[in-house]
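Working notes, structure below.
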Amino acid sequence: MKKSWKKMAWVVPVVVGIYLVYFFTSTDQVTTITDEESKFIQETKDLIAELSKDQEVTTKLGLQSAEYNQTEPTLVITEVEKLSYQESEEDISQSLESSAQPDLPTEPAWKQELDVFLKGKTSPQKFLNSLTASNWKEARDALALAYKKEKLPPNKNFQERFWMKVGEIGGEEVAKELLEDGDPAFSKVLKGWAKGNPQEMFDYYADLDLRSPEVQNYLDKTNSREIPLMDQFSSGMIDEILRSSNGKIGNTQVESANDLIDHFLEKDKKKAESLMREFTERVTKGRDKDTLKQWVAGYKEPELQAGTAQRVIESGVFDKNPLEAVEFANSLESTKAKRSALSSAYARLAGGVNGHDPNITATELNAMEDGWQRDFALNGFAHGLVHRDPEAAIQWANSISNEGFRKVVTKNVTKRINAEVLPRLNSQGASKN
């Protein structure tokens, strides 16, 4: 009942007030209650009785009494509705901001990482990790532009790391494209390819004909040579054999390398010799001269002994007495191994290792009789002079007695001058201007 009286608290005065106003403002009428007035009073009583009952309207609305004292309508909002309303305002605000500022194109991840690297504030690793088979060309073009504008920060082996990553993500598809285009980067992606998909590269290299027009056109266009190209393939494959051992060479690594080399020895002896060169290069590190001599003697196949002898001499193990390298070359059993070793030994002499005077060697070469020993010594001597004296290198190559071999050597020496010497001379001339 308390609830009903609360509901009636505002109703009764209003109804009574209406009646009194009606009664006192009717000054022209007699105060006697007429039938019509009696009817009005009865209707009022009935209204009061009706209002005294529990009303469903107030229960449904759930309004507080204070809300009825307001002069303007009040929007009743629950807590959930308040949250929704606030979020709606935020959405509207964001919508207005976005409409006021047009959407700007977002730069790709590789471009953002490259910009950070070009500022010299970080290593290129994040940029390299952002490269994919679909964006590496754009990245290459951006790097070329940065190099042209001299914005590329100095970073050790950055170019090598870039192309290795491209080879790793692009594999055979990218390699074939670069080969067909005659792009020098073809040989640079091979190590990465071997890392990303060694079996795929192995199969490709095993079937690759180095004398094919496609490969020869690439070699001519890029001033490249067969032997260094083979060594790039071999280097990637040997690295994969040693990857799990962190470069350490034990019996397991020797057996794995020998299995790989034997496989190619049956199909392509030149490729087997190349693999032997690259494996021997890893073996020579940290080993003394006598141990390496035994290493060479352990291989009886001419191609394998030639590969080991060449790399042992090139390692510099005889540089304290460079003439000893010539003696070692002449001591080898295989004629093929002697040829490779003599070329390597005379290249060291031409380079002036340990203060050796190349003019002394030149005098000795002029005194030698024509023959394969002098021709292979001249081959090494000419290559050894490429950087010191390019013109003399060509002259010595042209003094080889065997016509066919002379053409091969002069062609290779010319390629090296075009690829290694002229670009350096041109860059020096440009910097002076």
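Around NZ of K415, the count of heavy atoms belonging to other residues, nucleotides or ligands within 6.0 Å exceeds 12. Annotation for I227: atom CD1 does not count as buried by contact number, only 12 or fewer foreign heavy atoms lying within 6.0 Å. Atom CG of D288 has more than 12 heavy atoms from other residues, nucleotides or ligands within 6.0 Å. No more than 12 heavy-atom neighbours from other residues, nucleotides or ligands sit within 6.0 angstrom of NZ on K267.
Here the CG atom belonging to N379 is positioned 8.0 Å from the CG atom belonging to N412, to the nearest 0.5 angstrom. Between K137 atom NZ and L131 atom CG the span is 14.0 Å, to the nearest 0.5 Å. Note that CZ of R348 is 7.5 Å distant from CD of E314, once rounded to the nearest 0.5 Å. To the nearest 0.5 Å, atoms CD (E303) and CD1 (I261) are separated by 12.0 Å. Distance check, rounded to the nearest 0.5 Å: CG of L332 to CD of Q305 gives 5.0 Å. The CE atom of M164 lies 12.5 Å from the CD1 atom of I169; values are rounded to the nearest 0.5 Å.
For the residue pair N366/T363, the side-chain donor-acceptor check at 3.5 Å is not satisfied. A donor-acceptor contact closer than 3.5 angstrom links the side chains of S401 and D375. A donor atom on one side chain and an acceptor atom on the other are found under 3.5 Å apart for K191 and S235. Neither side chain, R339 nor S344, offers a donor N or O lying under 3.5 Å from an acceptor on the other. There is a side-chain donor-acceptor pair under 3.5 Å between T361 and H356. In this structure, a donor-acceptor pair under 3.5 Å is present between the side chains of N129 and Q125.
Applying the ring pair (Phe, Tyr, Trp, His ring centres under 6.0 Å) test to every pair with at least one member in residues 169-196, sequence neighbours left out, gives these pairs: F186-Y218, W193-Y204. Listed by first and then second residue, the salt bridge (charged side-chain N to carboxylate O under 4.0 Å, His left out) pairs involving residues 198-218 are R211-E226 (not counting sequence neighbours).
Using a 30° and 60° split on the angle between ring planes, F233 and Y205 fall in the parallel class, below 30°.
Heavy atoms only, all atoms of each residue included: R388 and P358 are closest at NH2-CG, 3.6 Å.
Aromatic ring centres of F376 and F381 lie farther apart than the 6.0 Å criterion allows.
Shown here are the salt bridge (charged side-chain N to carboxylate O under 4.0 Å, His left out) partners of K151, two or more places apart in sequence or in another chain: there are none. Applying the ring-ring contact (aromatic ring centres under 6.0 Å, His included) criterion to W295, with sequence neighbours excluded, gives F279, Y299. The side chain to side chain contact (heavy atoms under 4.5 Å, CB included) check on E240 picks up A194, K195, P198, R243, with sequence neighbours excluded. For D181, the salt bridge (charged side-chain N to carboxylate O under 4.0 Å, His left out) criterion is met by no residue, not counting sequence neighbours.
A 4.5 Å side-chain heavy-atom check between F202 and H263 finds at least one atom pair inside the cut-off.
Salt-bridge check for R161 with E168: failed, with every basic side-chain N at 4.0 Å or more from each acidic carboxylate O.
The main-chain N or O of V312 is found under 3.5 Å from a side-chain atom of S315 such that the two form a donor-acceptor pair. Between the side chain of E173 and the backbone N or O of G170, no donor-acceptor pair lies under 3.5 Å.
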